[in-house]
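One structure is given here, and the rest of the page talks about it.
Each residue takes its place number in the sequence, starting with 1. Please read these numbers as outputs of a predicted model, since none were measured by experiment.
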Amino acid sequence: DWSSDVCSSDLVTLHPGYEGRLHTHNVDIAIMVMSGAVQIVDDDDVQTVRAGCTLLAPPGRPHKLINALWTPVQLLVTYPSNQLETNYLE
């Protein structure tokens, strides 16, 4: 994990079978898929995103991540604040 007053990054591993809860954040979030593939649920739309791609989640936009594959997913999550707030909707 890296952070400063203006930017923070976290390296996150989602293990096979992981399903997050629908939530929003108070700031823009950039999620770079470093390895594997992840599904993002965004307003009832489901997309599979593979390594080398970046997901963007604007503030207040509901989303959740799912690893439906048999291998771990590595994500680099970056946001412009050291004050990340998460509001769970489910």
Side-chain angles (χ1 to χ4, degrees):
D1 298 350
W2 307 280
S3 67
S4 71
D5 289 340
V6 295
C7 187
S8 297
S9 294
D10 298 313
L11 189 57
V12 177
T13 300
L14 303 183
H15 295 284
Y18 172 86
E19 182 170 343
R21 294 166 39 202
L22 192 66
H23 63 280
T24 63
H25 299 290
N26 61 319
V27 295
D28 288 307
I29 301 289
I31 305 167
M32 179 182 283
V33 182
M34 306 297 287
S35 67
V38 66
Q39 290 181 314
I40 183 165
V41 177
D42 177 42
D43 290 335
D44 295 327
D45 184 35
V46 179
Q47 295 182 15
T48 299
V49 182
R50 291 175 173 71
C53 294
T54 301
L55 308 166
L56 300 174
R61 183 147 190 181
H63 62 279
K64 73 177 176 179
L65 300 176
I66 300 169
N67 181 2
L69 298 178
W70 57 93
T71 59
V73 176
Q74 290 280 330
L75 306 172
L76 180 62
V77 181
T78 304
Y79 43 97
S81 171
N82 62 2
Q83 302 293 321
L84 179 65
E85 296 174 12
T86 302
N87 179 33
Y88 291 100
L89 306 174
E90 59 179 28

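The closest side-chain heavy-atom distance from Val38 to Ile31 is not below 4.5 Å. Residues Ile29 and Val27 have side chains in contact (heavy-atom distance under 4.5 Å, counting atoms from C-beta outward). No side-chain heavy atom of His15 sits under 4.5 Å from any side-chain heavy atom of Asn67. Leu75 is listed as a side-chain neighbour of Leu65, based on a closest heavy-atom distance under 4.5 Å.
In terms of the side-chain hydrogen bond (donor to acceptor under 3.5 Å, both in side chains) criterion, Arg50 has no residue partners (sequence neighbours excluded). Partners of Asn26 according to the side-chain hydrogen bond (donor to acceptor under 3.5 Å, both in side chains) rule, which considers only residues two or more places apart in sequence or in another chain, do not exist here. Here Glu90 pairs with Lys64 under the salt bridge (Lys or Arg N to Asp or Glu O under 4.0 Å) rule; sequence neighbours left out. The salt bridge (Lys or Arg N to Asp or Glu O under 4.0 Å) search around Asp28 returns none, not counting sequence neighbours. Remark: Gln47 pairs with Asp45 by the side-chain hydrogen bond (donor to acceptor under 3.5 Å, both in side chains) rule, at least two apart or across chains. Every side-chain hydrogen bond (donor to acceptor under 3.5 Å, both in side chains) that Thr78 has, sequence neighbours left out, goes to Ser9.
Atom OG1 of Thr86 is separated from atom NE2 of His25 by 4.5 Å, given to the nearest 0.5 angstrom. Note that CG of Leu56 is 10.5 Å distant from CZ of Arg61, once rounded to the nearest 0.5 Å.
Nearest heavy-atom pair across Ala51 and Ser35 is CB-CA, 3.8 Å. Across all their heavy atoms, Ala30 and Thr54 have their closest contact at CB-CG2, 4.2 Å.
If you chain together hydrophobic residues whose side chains sit under 4.5 Å apart, Val41 and Val33 never meet in one group. Using a 4.5 Å cut-off between side-chain heavy atoms of Ile, Leu, Val, Met, Phe, Trp and Tyr, with links allowed through other members, Val49 and Leu76 fall into different hydrophobic clusters. In the hydrophobic clustering of ILVMFWY residues, with side-chain heavy atoms under 4.5 Å counting as a link, Met34 and Val73 come out apart. No single ILVMFWY cluster, assembled from side-chain heavy atoms under 4.5 Å apart, contains both Met32 and Leu69. If you chain together hydrophobic residues whose side chains sit under 4.5 Å apart, Leu55 and Ile66 never meet in one group.
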